[in-house]
Asks: 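Have a look at the structure that comes next, please.
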There are 2 protein chains.
Amino acid sequence: MKKNLTLKQIAKELDVSISTVSKALKNSDEISEATRNKIQAFAKLYNYKPNNIALSLKNRKTKTIAVIIPEIVHDFFAMVISGIENLANQSGYNVLICLSNESYEREVINMEMLASGSIDGFVISLSKETQAKKDYHHIKEIINQGMPVVMFDRVTREVYTDKVIIDDVLATQEAIQYFISKGRKKIGFITTPDYISVGRLRTEGYKKTLEANGIDVNENLILRIEDESQLDTMIDDFFEKNEFDAVMAVNELYAVKVLRTALKRGIKVPEDLHLIAFTDGVISKNSIPSISTVKQNAFKMGEIAARLLIQKLESENEHEHYITEVVGTELLHRETTTF
Amino acid sequence: MKKNLTLKQIAKELDVSISTVSKALKNSDEISEATRNKIQAFAKLYNYKPNNIALSLKNRKTKTIAVIIPEIVHDFFAMVISGIENLANQSGYNVLICLSNESYEREVINMEMLASGSIDGFVISLSKETQAKKDYHHIKEIINQGMPVVMFDRVTREVYTDKVIIDDVLATQEAIQYFISKGRKKIGFITTPDYISVGRLRTEGYKKTLEANGIDVNENLILRIEDESQLDTMIDDFFEKNEFDAVMAVNELYAVKVLRTALKRGIKVPEDLHLIAFTDGVISKNSIPSISTVKQNAFKMGEIAARLLIQKLESENEHEHYITEVVGTELLHRETTTF
DNA sequence: ATGAAAGCGCTAACAT
DNA sequence: ATGTTAGCGCTTTCAT
């Protein structure tokens, strides 16, 4: 490992003191122009780069924020990240991404690693395992140490901090109500186990809407998928045992599997089966037929999360006050619904 | 910002020296068991966490590696990252991800930020803009400073370092040869501009195969897509002006667009049109019909890249020797080809 | 105009 | 068994 050029070396080489070099490079007018020029030229020539680590130690500021997401192969998270990057870069912040891979342990490890010095704040969406365990110690601790954390999408009431979410109940109600308005009554709902916050809320929205319309909730029409490796068989089985005229899925992967299964069984979409998914990503847009979705404005969510975080970072006062921003959603009709 | 507990504070609180605390926490037997216990108990109680920044400054080691990728909404990159994470985590390394967003400037900014202290090494796939500009100064510089860099997929001969690639020419030849073996002659090829290394190589493989089989290369049948926002119109136009019995696309997004266009035009797939794509991701798997692909073993590529990097990091000797690992590919038949 | 020195949090060689 | 000290690279206050 060749070592990086340091102030010390420059100082020695040019036979001045370290502090003179430091000041000269900052263009301080404490230093004569001649010396300044000489030092700057030298630094440039040998491509001096200040050591960020040393700077962070000193300043306790890194101008970088970290995003912790459960998985990367998911357009919703990818788009949120784009939003975060967009706003953060504009404000002069760099963005680091870490994956929890839906694992509690990796979430903790990554956060602890970063929390101790490397970054100024977090944007996080909880891993499945964390939500299942309901153990939020690591996050509370980080907040207690004074590091700002903004949560998005998969959040929890148990941590008091800024949050960015959509109204999952409402968004689902809107979709289900649409099905009903089209005369659909046998509405299937494919979701996650209830310990995942958004899955639970969406299921709640589904049930509420049926009840509000005087339709009995049939638990058989709700499929909760725990283990994605069994997606295909579970959905196939779901169709084997039930009959639907509409299905809603909590993400686009589940939705496209439904679509495949339905078509394979000779069910016509959208004529015989209406389908709406959460997450307006590449799958929904490009599937054939393309899938109608609840547009979550993921990019905007990312921007808001970044804005909230940076505001906290740059405000002096103790931040006793936290807010939850609810981003609006939109029902986007494509080829799996009739408009 | 409440401050983190430091060795100094513990030392003061317990009325011992800082180094005693440091040693005690490392369970050094230089320290009496009594003192050790006392200090460890205190540290635990107040939840002491060593400051990574300080450690890095000291050790010049961070045990974390950074991955720089052009974009996140792309299964190939997502899967490579999984592979990297897998191997890195096993070896006790953390992984940080940064996006270049296909921009030269962001690639440079991110790398420079990280290079100066925050990480031990890089795994990178070049951004489009970097490949177009052919400006690799930032990477060469980092390597010169003694920081190991491993490149994957979008690489360049101009930087001498470890690389992980597939044999793009060969993989394409295999696919095109398959088309030909099925009697297909009007073979379209949808690719990127030639400045993108993998696009160029794949185009080369396409042409070579045709020539080897005595088929004239018709440049009209090659569509180079620069600007993805025009994907739909360009492909539509491509089909308007030409007739195909087979098409190969350099990624799954292009492929699914081809599929949509073909079906919309009443072309039967795979009967009238064979289709093969690079990238074996969610789109190919879930499209209807599902798309036959060149499986790039992205996960494995990630693992190899991480392994190469970590080997360099942990070997003492000056690493004068670099290798390029070529990962095997596989033609995966699904519903857009007949087997 | 320039430099010395302290300090950020930690480790480790070297006292005591 | 415990402590002192120097040093990692940098900034900044306080001399000179």
Side-chain angles (χ1 to χ4, degrees), chain A residues 1-40 42-43 46-63 112-113 115-118 120 145-146, chain B residues 1-40 42-43 46-63 112-113 115-120 145-147:
Chain A
M1 294 272 279
K2 213 179 297 179
K3 267 171 37 184
N4 252 330
L5 186 58
T6 68
L7 289 190
K8 195 176 177 180
Q9 291 166 43
I10 301 182
K12 196 169 120 196
E13 214 61 48
L14 264 40
D15 207 35
V16 291
S17 80
I18 295 179
S19 45
T20 302
V21 178
S22 171
K23 287 170 187 164
L25 291 177
K26 300 205 118 48
N27 242 317
S28 156
D29 44 18
E30 276 184 57
I31 306 297
S32 73
E33 205 175 320
T35 324
R36 244 187 296 162
N37 289 153
K38 188 177 62 178
I39 293 176
Q40 288 179 7
F42 186 92
Y46 290 101
N47 190 31
Y48 168 76
K49 294 262 173 51
N51 180 321
N52 279 334
I53 285 277
L55 283 179
S56 313
L57 226 204
K58 189 90 207 143
N59 308 332
R60 280 96 167 308
K61 278 233 153 47
T62 61
K63 275 279 187 178
E112 290 191 341
M113 160 189 84
S116 59
S118 319
D120 297 341
Q145 290 170 195
Chain B
M1 294 271 280
K2 215 180 297 178
K3 266 171 40 184
N4 251 331
L5 186 59
T6 67
L7 290 190
K8 193 175 177 179
Q9 291 166 42
I10 301 182
K12 196 169 121 196
E13 214 61 48
L14 262 42
D15 206 36
V16 292
S17 80
I18 295 179
S19 51
T20 303
V21 178
S22 172
K23 288 170 187 163
L25 291 177
K26 300 204 121 46
N27 242 317
S28 157
D29 44 18
E30 277 184 56
I31 306 298
S32 72
E33 205 174 319
T35 322
R36 244 187 297 162
N37 289 151
K38 187 177 62 177
I39 292 177
Q40 288 179 7
F42 186 92
Y46 291 101
N47 188 31
Y48 167 77
K49 294 264 171 52
N51 179 322
N52 279 334
I53 286 277
L55 281 180
S56 312
L57 225 205
K58 187 91 203 132
N59 308 332
R60 279 97 168 308
K61 279 234 152 48
T62 61
K63 276 278 187 178
E112 289 191 342
M113 159 189 85
S116 59
S118 320
I119 58 149
D120 297 342
Q145 289 169 198
M147 179 168 285

Asks: When you measure from the side-chain N and O atoms of Ser17(A) to the phosphate of dA4(C), is any distance below 4.0 Å, counting only OP1 and OP2?
Replies: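 So the side chain of Ser17(A) is outside the cut-off, no N or O lying under 4.0 Å from OP1 or OP2 of dA4(C).
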Asks: For Ser116(B) and Pro50(A), work out which heavy atoms get closest and say how close.
Replies: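 Ser116(B) and Pro50(A) have their closest heavy atoms at CB-O, 3.5 Å.
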Asks: Considering all heavy atoms of both residues, which atom of Gln145(A) and which atom of Asn47(B) are nearest to each other, and what is their separation?
Replies: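 Taking every non-hydrogen atom into account, OE1-ND2, 4.4 Å.
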Asks: Could you state the atom-to-atom distance from CG of Asn37(B) to P of dA1(D) in whole Å?
Replies: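 After rounding, the reported distance stands at 14 Å.
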Asks: Whole Å only: how far is the CG atom of Asn59(A) from the P atom of dC10(D)?
Replies: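 Going from CG in Asn59(A) over to P in dC10(D) covers 12 Å.
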Asks: Take the protein atom CG of Asp15(A) and the nucleotide atom P of dT2(C), then report the distance between them rounded to whole Å.
Replies: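 Spelled out: CG on Asp15(A) to P on dT2(C) is 12 Å.
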Asks: Tell me which of Ala54(B) and Ile31(B) sits closer to the 5' end of DNA chain D, going by the nucleotide each one is nearest to.
Replies: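 Counting from the 5' end, the first nearest nucleotide belongs to Ile31(B).
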Asks: Using a cut-off of 6.0 Å, state whether more than 12 heavy atoms not belonging to Asn27(B) lie near its atom CG.
Replies: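 Result for CG/Asn27(B): enclosed.
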Asks: I'd like a list of close polar pairs between nucleotides 13-16 of chain C and the protein, N/O only, cut-off under 3.5 Å.
Replies:
| residue | atom | partner | partner atom | Å |
| --- | --- | --- | --- | --- |
| dA13(C) | N6 | Lys23(B) | NZ | 3.4 |

Asks: Atom CG of Leu7(B) to atom C1' of dT4(D): distance rounded to whole Å?
Replies: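 It is 15 Å, rounded to the nearest whole Å.
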Asks: Would you mind reading off the distance between Arg60(B) atom CZ and dT11(C) atom C1', rounded to a whole angstrom?
Replies: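 Interatomic distance, CZ of Arg60(B) to C1' of dT11(C): 14 Å.
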Asks: Any base atoms under 4.0 Å from Ile53(B), or only sugar-phosphate, or nothing? Heavy atoms, all strands.
Replies: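 Touches nothing.
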Asks: Would a 4.5 Å heavy-atom cut-off, applied to side chains only, mark Thr20(B) and Thr35(B) as touching?
Replies: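 Side chain of Thr20(B) against side chain of Thr35(B), heavy atoms only: contact under 4.5 Å found.
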Asks: What contact category does Ser32(A) fall into here, base, sugar-phosphate, or nothing, at under 4.0 angstrom with non-hydrogen atoms?
Replies: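 Since only primed, P, OP1 and OP2 atoms lie under 4.0 Å of Ser32(A), the category is sugar-phosphate.
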Asks: Starting from P on dT2(C), measure out to NZ on Lys38(A) and report it in whole angstrom.
Replies: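 Computing the Lys38(A):NZ to dT2(C):P distance gives 8 Å.
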Asks: For Ser56(A), report the nucleic acid contact type (base, sugar-phosphate, nothing); a contact means any heavy atom under 4.0 Å.
Replies: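 Nothing, no heavy atom under 4.0 Å.
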Asks: Out of dG9(D), dC10(D), dC10(C), which nucleotide sits closest to the side chain of Leu57(A)?
Replies: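 Side chain of Leu57(A) sits closest to dG9(D).
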Asks: In a check of side-chain contact (heavy atoms from CB on, under 4.5 Å) between Ser22(B) and each of Ile10(B), Leu7(B), Ile31(B), which one passes?
Replies: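 Of the listed options, the one satisfying the test is Leu7(B).
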Asks: Judged by each residue's nearest nucleotide on DNA chain C, which is more toward the 5′ side, Ile18(B) or Lys8(B)?
Replies: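 Per heavy-atom nearest nucleotide, the more 5' residue is Lys8(B).
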Asks: Among dG9(D), dT11(C), dA1(C), which is the nearest nucleotide to the side chain of Thr35(A)?
Replies: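 From the listed options, dA1(C) comes nearest.
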Asks: Donor-acceptor pair, distance only, cut-off 3.5 Å: does the side chain of Asp120(A) make one with the backbone of Lys61(A)?
Replies: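 No, because the side chain of Asp120(A) does not come within donor-acceptor range (under 3.5 Å) of the backbone of Lys61(A).
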Asks: For dA1(D), does either OP1 or OP2 sit under 4.0 Å from a side-chain N or O belonging to Arg36(B)?
Replies: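 For dA1(D), neither OP1 nor OP2 has a side-chain N or O of Arg36(B) closer than 4.0 Å.
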Asks: Indicate, with a heavy-atom threshold strictly under 4.0 Å, whether Asp29(B) touches base, sugar-phosphate, or nothing.
Replies: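 If one applies the 4.0 Å heavy-atom cut-off, Asp29(B) turns out to touch the sugar-phosphate alone, with no base involved.
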Asks: Which atom names give the shortest non-hydrogen contact between Arg36(B) and Asp29(B), and what distance separates them?
Replies: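 Here Arg36(B) and Asp29(B) meet closest at NH2-CA, 4.3 Å.
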Asks: Give the nucleotide from the list dT11(D), dG3(C), dG9(D) with an atom nearest to the side chain of Leu55(A).
Replies: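 Looking only at heavy atoms from C-beta outward on Leu55(A), the closest nucleotide is dT11(D).
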Asks: Would you name the heavy atoms of Ser118(A) and Ile53(B) that are closest together and state the gap between them?
Replies: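 Closest approach of Ser118(A) to Ile53(B): N-CG1, 3.9 Å.
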Asks: Could you check whether Lys58(B) gets within reach of a base, just the sugar-phosphate, or nothing at all, counting any heavy atom under 4.0 Å?
Replies: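 The answer is base, as Lys58(B) lies within the cut-off (heavy atoms under 4.0 Å) of a base atom.
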Asks: For Glu33(A) and dA1(C), give me the distance from atom CD to atom P, rounded to whole Å.
Replies: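 Rounded to whole Å, this separation is 11 Å.
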Asks: dG9(C) P sits how many Å from Gln145(A) CD, rounded?
Replies: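 The distance from CD of Gln145(A) to P of dG9(C) comes to 13 Å, rounded to the nearest Å.
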